[in-house]
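All remarks here apply to the structure that follows.
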Amino acid sequence: MLFVAPFLIFIVVVFLLPLLVVSYFSLGPTDFEFNTPLTLDFYREFFFGSSLYTQVLWTTVEISLFSAVVVVVLGYPVAYYLAKQPPRKRMLLSMVLLLTFYTSILVKSFAFSVLLGYNGIVNTAIAALFGVEAKVPMLFNRAGTLIGIVEHFLPYMVFPILTSILAQDPAIHKAAEIMGAGRTRIFWRVTFPLSIPGVLAGVLLVTILTVGQFIIPALLGGRSDMMLANLVDFHINEAFDWSMASVISIVLLVLSAGFILGLARVRGGQVFAERRH
Amino acid sequence: MRQETITFCYDYLKMIHLTHEFSQRILLTESARQNPKTLKNCAVKRKIAGIGLGNSIKPRVRVEPVSDMEEFQMAEKRKQTKIENDLVGKKGKSSKNIEKTDTLSVLKPEATRRSFLAGSTLLGAGAVTSSLASWPLILTPGKAKATADSIVWATDGGRPGEKLRRVFAESFERETGIKVITVTGQRTASKVKAMVLSRNIEWDVFERGGSQGMVMQNEGLLEPIDESIVDRSGSIYPQWNFSHLVHYYFAPTGIAYDPARNANPPKNWAEFWDVEKFPGRRGLWAIAEETLEHALLADGVAAKDIYPIDVDRAFKSLERIKDNIAVWIASHSKSLTLIQSGELDFDVTFAGRVGIAKAEGVSIDMAKDGKISKPVFLAAPKGTKKKDLVMQFINHTQRPEYQALNAMSAPGGSGPVVRGGYELLTQTIKDQLPAPDDPNTVAFAVDWWAENFVEVSKRYKEFLVAAGETPPKPH
């Protein structure tokens with residue numbers, strides 16, 4: 001226990017204390033004079049006042065869950081493919097995967113508009129083949145937001161899955177093969193079930209990180225793709241309303257905690273469970 | 001011949017202090033238009049000053065007797081003093097500004113003369129290369145003497161910030177020896193409040209456009225302006241004078257379009273709203289400030305009648321255009337890129353950015369009407385220890401010559417707010433700016449927005465998130 005003390009102190013200073021301040025601010029005061037009466041008005045405003053907040057809360061949940069699903073669907077085959085490669089090649093390919101990870105979203109958003117914009121490469125091709133009417137709006141709407149998020153968070157999904165596939169005992173696969181199972185059957189009966197902790201860990205990471213996104217929806221989203229973090233940004237940087245910003249932050253925190261607890265219940269908490277061989 | 005050289009020298013003195021190649025080009029064109037013979041001279045001197053036009057031009061420099069320059073300087077000074085007297089004198093103020101206002105000396109008066117004379121002498125001696133050394137103020141800007149006195153100025157980043165630094169900070173450093181350290185960062189009320197609350201004042205002075213400065217003033221986060229140091233008597237826009245804020249330039253915004261792609265772009269907001277007659281992909285800001293003004297202008301409200309804003313009417317007008325907006329632009333800086341990349345045909349953007357892009361050869365233009373002039377303020381966070389120095393600096397920014405210089409270094413993009421500064425501008429530059437009394441330009445009402453910003457912004461956000469997206473029709 002003693003050796004986690006430095007970490008505990010660190011967490012108290014950089015997380016718990018600020019969290020306390022935020023919780024305190026969410027009740028009305030925005031300084032430490034301790035003369036402002038505490039109130040729940042800001043929470044009331046969030047849930048029952050302007051429809052803006054609940055609408056945006058819903059958008060946030062929608063975007064984060066949906067992008068998690070898309071990321072699983074796209075990321076699992078990548079992880080599976082990587083797991084089948086010899087170590088050297090796997091390392092090289094992983095680095096390629098990480099390349100986009102290290103590119104600033106500002107740069108990427110520009111690249112996206114070159115590719116996917118109204119006059120981008122893809123739409124120009126579509127227009128040439130099927131006419132201008134067939135152009136597909138892929139940016140500055142929900143699709144743009146999802147494309148940005150999925151692209152950005154793919155590695156968060158691929159690596160946990162990859163680790164859990166690699167950690168599987170090859171003997172189990174061999175046994176299944178000896179018993180006469182085909183490749184598809186082995187995948188669905190052995191590999192996939194055993195990799196579920198990795199998938200859940202990935203889903204957890206992606207949803208929680210997506211919930212707090214604000215740059216991607218601001219750069220690539222449409223007018224209705226406003227997320228809670230955008231509202232925090234607005235209340236801090238423009239509206240100068242620290243109490244409302246604190247309320248939204250608390251809601252975000254509870255939302256993330258909700259995701260964690262929800263996933264922990266799935267399959268008896270396998271996300272956190274010890275891996276069985 | 002003499003007059004010609006003098007005109008050129010005058011132009012040149014203005015020119016050498018301009019930071020961007022493009023503003024120089026504009027002035028070059030201007031002086032060439034006025035007097036074709038001067039063009040060659042400009043080119044030659046540019047080379048001397050180290051700006052460089054290529055090696056093909058052989059430096060041939062004509063000598064003018066020094067006394068002519070002095071004579072010219074005196075005449076200019078008298079003329080300027082008269083203008084100033086006419087402007088300021090009426091208010092019974094024999095302003096301290098007049099002494100400072102020496103048109104020719106964009107630098108400190110004595111320093112100018114000295115360096116200018118030195119320059120001329122050396123040029124006369126034909127010592128072209130060594131004359132580089134006699135223009136130290138041009139070639140090595142910003143090398144202020146290391147003194148204990150310095151202030152930290154939080155301002156724009158990138159090229160606009162660089163320009164502001166050259167025009168205001170470096171001239172201040174030269175004149176006073178007080179170092180101005182420029183930093184960038186979000187100058188929000190929250191940031192300032194955090195500094196004031198924690199008594200950790202990182203900036204001595206900062207700039208902020210629009211209504212946010214006023215919010216900070218109302219929250220008691222700013223030092224009051226010391227009127228005994230800062231002379232605001234020359235302001236063209238007295239409605240932007242506040243107890244804790246000094247406006248030092250204004251940034252016009254308006255409708256931008258690509259003339260190569262659109263032969264018939266909307267020329268005002270009513271036409272911008274008219275999607276039938278002016279087909280094209282449109283973008284509006286996802287920011288309430290200014291967008292409501294655009295909506296009202298589109299609805300037929302005259303520029304002078306915009307304030308107080310009829311919020312309901314503005315939203316009704318926005319409902320009409322809503323489904324025809326391809327991009328709701330969340331960040332001011334993206335407007336230009338969206339047009340350049342062909343994503344949009346018309347949107348709203350800062351004239352300064354358009355000016356820079358245009359000078360660099362980008363095919364982009366702006367509608368002359370329907371502009372909004374948005375003031376940019378300087379303010380000092382409460383508790384700065386350098387208050388007096390800051391006030392001196394703020395006063396420095398109000399001097400006509402720097403006002404003019406700032407306007408010239410970003411043609412059309414930043415407007416002078418001091419009358420003397422406006423008078424100094426050449427016609428070419430004036431033409432690109434909304435005139436102070438232009439009936440088609442809205443002068444942004446800081447106080448209205450400071451009061452209504454939060455409420456209106458929330459409503460605007462509700463308006464944006466409400467109802468699903470309708471993909472704009474292709475054209």
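Just the heavy atoms: all of them, side chains too, but no hydrogens, waters or symmetry mates, feed the values below. Remember, predicted model here, so these are calculated numbers, not experimental data. Proteins come first, then strands; the chains are lettered A, B, ... in the order of their sequence lines, and each starts at number 1.
Looking only at side-chain heavy atoms (C-beta outward), A:Val56 and B:Lys461 stay at 4.5 Å or farther from each other. B:Leu338 places a side-chain heavy atom less than 4.5 Å from the side chain of A:Phe140. Counting only heavy atoms from C-beta outward, the side chains of B:Val465 and A:Leu52 approach each other to under 4.5 Å. Using a 4.5 Å cut-off on side-chain heavy atoms (C-beta onward), A:Arg223 and B:Ile325 make no contact.
Scanning residues 226-242 of chain A against chain B with a 4.5 Å heavy-atom cutoff picks out A:Met226, A:Leu231, A:Phe234, A:His235, A:Ile236, A:Asn237, A:Glu238, A:Ala239, A:Phe240, A:Asp241, A:Trp242, ordered by number.
Between B:Ala330 and A:Ala218 the shortest heavy-atom distance is CB-O, 3.5 Å. Of all the heavy atoms in A:Tyr118 and B:Glu343, the pair that sits closest is N-OE1, 2.9 Å. A pairwise comparison of heavy atoms in A:Thr30 and B:Lys193 identifies OG1-NZ, 3.0 Å as the closest pair.
Using a 4.5 Å cut-off between heavy atoms, A:Thr59 does not touch chain B at all. For B:Thr337, the part sitting under 4.5 Å from any heavy atom of chain A is the side chain, from C-beta outward, and nothing else. Proximity to chain A is absent for every atom of B:Glu455, based on heavy atoms less than 4.5 angstrom apart. If you measure heavy-atom distances from B:Ala189 to chain A, the contacts under 4.5 Å come from both the backbone and the side chain. Within the 4.5 angstrom heavy-atom criterion, no atom of B:Leu284 approaches chain A.
At most 12 heavy atoms of other shown residues, nucleotides or ligands fall within 6.0 angstrom of atom CZ in A:Phe110. Heavy-atom contacts from other residues, nucleotides or ligands closer than 6.0 Å to CD of B:Glu451 number 12 or fewer. Within a 6.0 Å radius of CZ in A:Phe34, more than 12 heavy atoms belonging to other residues, nucleotides or ligands are found.
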Would you check, one step at a time, whether the test side-chain contact (heavy atoms from CB on, under 4.5 Å) holds for A:Ser50 with B:Lys458?
CA-CA 9 Å; A:Ser50 157; B:Lys458 277 190 193 165; 5.6 Å; no

